[in-house]
Amino acid sequence: SPVYTLISLNRPMTKEEIKEKVDALTYDEAIAETERVLSHLEEGNLPIDEVLSQSRYAVALITHCRAKIAQVGKEVDRILDDLDPSPDKE
């Protein structure tokens with residue numbers, strides 16, 4: 001399972017690179033990566049530019065996780081609607 005790190009790069013990732021990396025992650029991978037990034041941020045040993053880059057990465061990861069949760073929620077709603085297809089249900 002791929003885990004992408006910004007810390008080992010010599011330059012900050014672009015927004016496009018972050019999106020590409022994050023989109024490739026499963027929910028569980030994104031959660032684990034978010035925890036890893038937050039741990040590095042909490043240590044406080046990063047240069048200010050890296051703090052900014054890691055913060056953007058964490059936001060992208062969290063947004064990705066929220067989107068996955070919303071998608072699953074909609075799918076569960078559809079499944080439940082299929083169980084009770086009464087016409088009065090909106």
Legend entry - For V37 against A58, the heavy-atom pair lying closest together: CG1-CB, 4.0 Å

Legend entry - Separation of Y27 OH from Q71 CD (nearest 0.5 Å): 13.0 Å

Legend entry - Atom pair CG/CD of L61 and Q54 - distance to nearest 0.5 Å: 9.5 Å

Inset, instruction - Identify the heavy atoms of A30 and H64 that sit nearest to each other, and give their distance. - result: CB-CD2, 3.7 Å

Inset, instruction - Could you tell me whether the side chain of T34 reaches within less than 4.5 Å of the side chain of L38, counting heavy atoms only? - result: yes

Legend entry - Any donor-acceptor N/O pair, E17 side chain to T14 backbone, under 3.5 Å: yes

Inset, instruction - Mind checking the CD1-OG spacing from I48 to S53? Nearest 0.5 Å is all I need. - result: 12.0 Å

Inset, instruction - To the nearest 0.5 angstrom, please state how far the OG1 atom of T63 sits from the CD1 atom of I18. - result: 11.0 Å

Inset, instruction - Treat each ILVMFWY residue as a node, draw an edge where side-chain heavy atoms are under 4.5 Å apart, and state whether Y57 and L41 are in one component. - result: yes

Legend entry - Evaluation steps, side-chain contact (heavy atoms from CB on, under 4.5 Å), between I31 and E35: CA-CA 6 Å; I31 289 291; E35 291 172 352; 3.8 Å; yes

Legend entry - Closest non-hydrogen atom pair, K68 against L25: CE-O, 4.2 Å

